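Residue numbers start from 1 in every chain, and the chains themselves are labelled A, B, ... in the order their sequence lines are given, proteins ahead of strands. Not measured: the values here are computed from a predicted model.
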Number of protein chains: 2
Amino acid sequence: MELIRRNTDYALRALVLMAKDRTGDVYVVTRLANEARVPEDFLRKTLQRLDKAGIIESKRGPKGGFQLSKDPARISVLDVMEAVQGPLAVNRCFLKDIGCDNFNRCELKEKLIGAQQDMVDLFKSVTIRELAAERG
Amino acid sequence: MELIRRNTDYALRALVLMAKDRTGDVYVVTRLANEARVPEDFLRKTLQRLDKAGIIESKRGPKGGFQLSKDPARISVLDVMEAVQGPLAVNRCFLKDIGCDNFNRCELKEKLIGAQQDMVDLFKSVTIRELAAERG
DNA sequence: TATAAAGAGGACTAAAATTGTCCTATAAGG
DNA sequence: CCTTATAGGACAATTTTAGTCCTCTTTATA
């Protein structure tokens, strides 16, 4: 069971690259894909989602590419996960738009609702800035 | 993205049923499946995993079935998740037997390792007894 | 203004994981 | 020895995830 899927992983790697040498540059997917060692087309799709979520900005045409649109300290792993792999939930019952027939009579609910929030908080507390920080 | 899969969900429901009216009885899968409203054959497979993990015991033959082999207060949701859907990990790098080529040089690692432990603790802290407790 | 360099977006395929079913074997009670 | 139950493996169906490809649009600039 893994919580962070490949697309989120790829997205995080790309964001870390962008956050690292932050000259305000625009990054072309080809370069990001090479450096992060991930499939280019797939990464592009993934970055498009980050764009829609307002985490990065895209620019078309020559000299185009992707660019952080926020301070890395303000981008959490949760933001990225949700942008890229959808809402985080302990299980189906807690998913937006799905819910559960049985929700109001369910014994499992009460405790798990807390667990879900804890998980959300957890991933909200880790930011790209921290991930990009060099280790000693 | 959901963390608790269907098989774990089914397992939890069955365990809660067993924990509730605890007469030491043995439960036949057919009954559990009906009451929990889950596919019988699939549930049986799932219960076999719980058996191997030592969470329940199986008895064959007439008057056979499944039975809790532990105090429900000593069965955590984590136990069930791991028995039924495998080890819990934030991502592949942290999975037993897989690891990651890049593990020692990875910036993502440090923070996520903490997140993983927090999640484990979280699910370890919720037990079947609590799930089975009637709500007021 | 033509060209080339990007991303946008959709269709599609491939692969993998998950869920579910079925068949035969084995154990055990009456 | 018959019936009830699980064990276990093979298999099928479904869903999710990952990845590719083709065409379109945007835009810098020669």
With a 4.0 Å limit, can you tell me whether [X] has a side-chain N or O closer than that to the phosphate oxygens OP1/OP2 of [N]?
X	N	result
A/Arg60	D/dT25	no
B/Tyr27	D/dA5	no
B/Ser58	D/dA7	yes
B/Arg6	C/dG20	yes
A/Asn7	D/dT17	no
A/Thr30	C/dA6	no
A/Lys52	C/dG9	yes

Can you measure [X] atom [atom1] to [N] atom [atom2] for me and round it to whole angstrom units?
X	N	atom1	atom2	value
A/Glu40	D/dT20	CD	P	10 Å
B/Asp41	D/dC11	CG	P	17 Å
A/Asp51	D/dT26	CG	P	15 Å
B/Tyr10	C/dT18	OH	P	14 Å
B/Arg49	D/dT6	CZ	P	18 Å
A/Lys59	C/dA5	NZ	P	17 Å
B/Gln48	D/dG9	CD	C1'	10 Å
B/Arg31	D/dT4	CZ	P	18 Å

Practice task
May I ask you to verify whether the side chain of A/Lys45 and the base of C/dG10 hold a donor-acceptor pair under 3.5 Å?
Solution key: yes
Problem - Polar pair under 3.5 Å, donor/acceptor by atom type, side chain B/Arg44, base D/dT6 - result: no
Practice task
Scan side-chain atoms only and decide if A/Gln48 and A/Ser58 contain a donor-acceptor pair under the 3.5 Å cut-off.
Solution key: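 Their side chains do not contain a donor-acceptor pair, so the 3.5 Å distance test is not met.
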Problem - DNA chain D: 5'-proximal contact among A/Thr8 and A/Lys63 (nearest heavy atom) - result: A/Thr8
Problem - Salt bridge present between B/Asp9 and B/Arg13 (N-O < 4.0 angstrom) - result: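 A salt bridge is present here (some side-chain N lies under 4.0 Å from a carboxylate O).
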Exercise for the section: Take B/Thr127 and B/Leu131 through the side chain to side chain contact (heavy atoms under 4.5 Å, CB included) test and state the conclusion after the steps. Expected result: CA-CA 6 Å; B/Thr127 73; B/Leu131 296 183; over 6 Å; no
Handout entry: Joint cluster assignment, B/Leu17 & B/Ile75, ILVMFWY side-chain distance < 4.5 Å
Key =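 Result: yes, single cluster for both.
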Problem - Toward the 5' end of DNA chain C, by each residue's nearest nucleotide, B/Gly61 or A/Gly64 - result: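 It is A/Gly64, whose closest nucleotide lies nearer the 5' terminus.
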Closest to the [X] side chain: [options]?
X	options	answer
A/Pro62	C/dA5, C/dG20, C/dA6	C/dA5
A/Arg5	D/dA7, C/dA8, D/dA18	D/dA18
B/Phe42	C/dA8, D/dG19, C/dT19	C/dT19

Handout entry: salt bridge (Lys or Arg N to Asp or Glu O under 4.0 Å) between B/Asp41 and B/Arg44, intermediate numbers included
Key = CA-CA 5 Å; B/Asp41 282 330; B/Arg44 184 174 295 106; 3.1 Å; yes
Practice task
Check the surroundings of atom CZ in A/Arg129: do more than 12 heavy atoms from other residues, nucleotides or ligands lie under 6.0 Å from it?
Solution key: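 It does not: A/Arg129 CZ has 12 such atoms or fewer within range.
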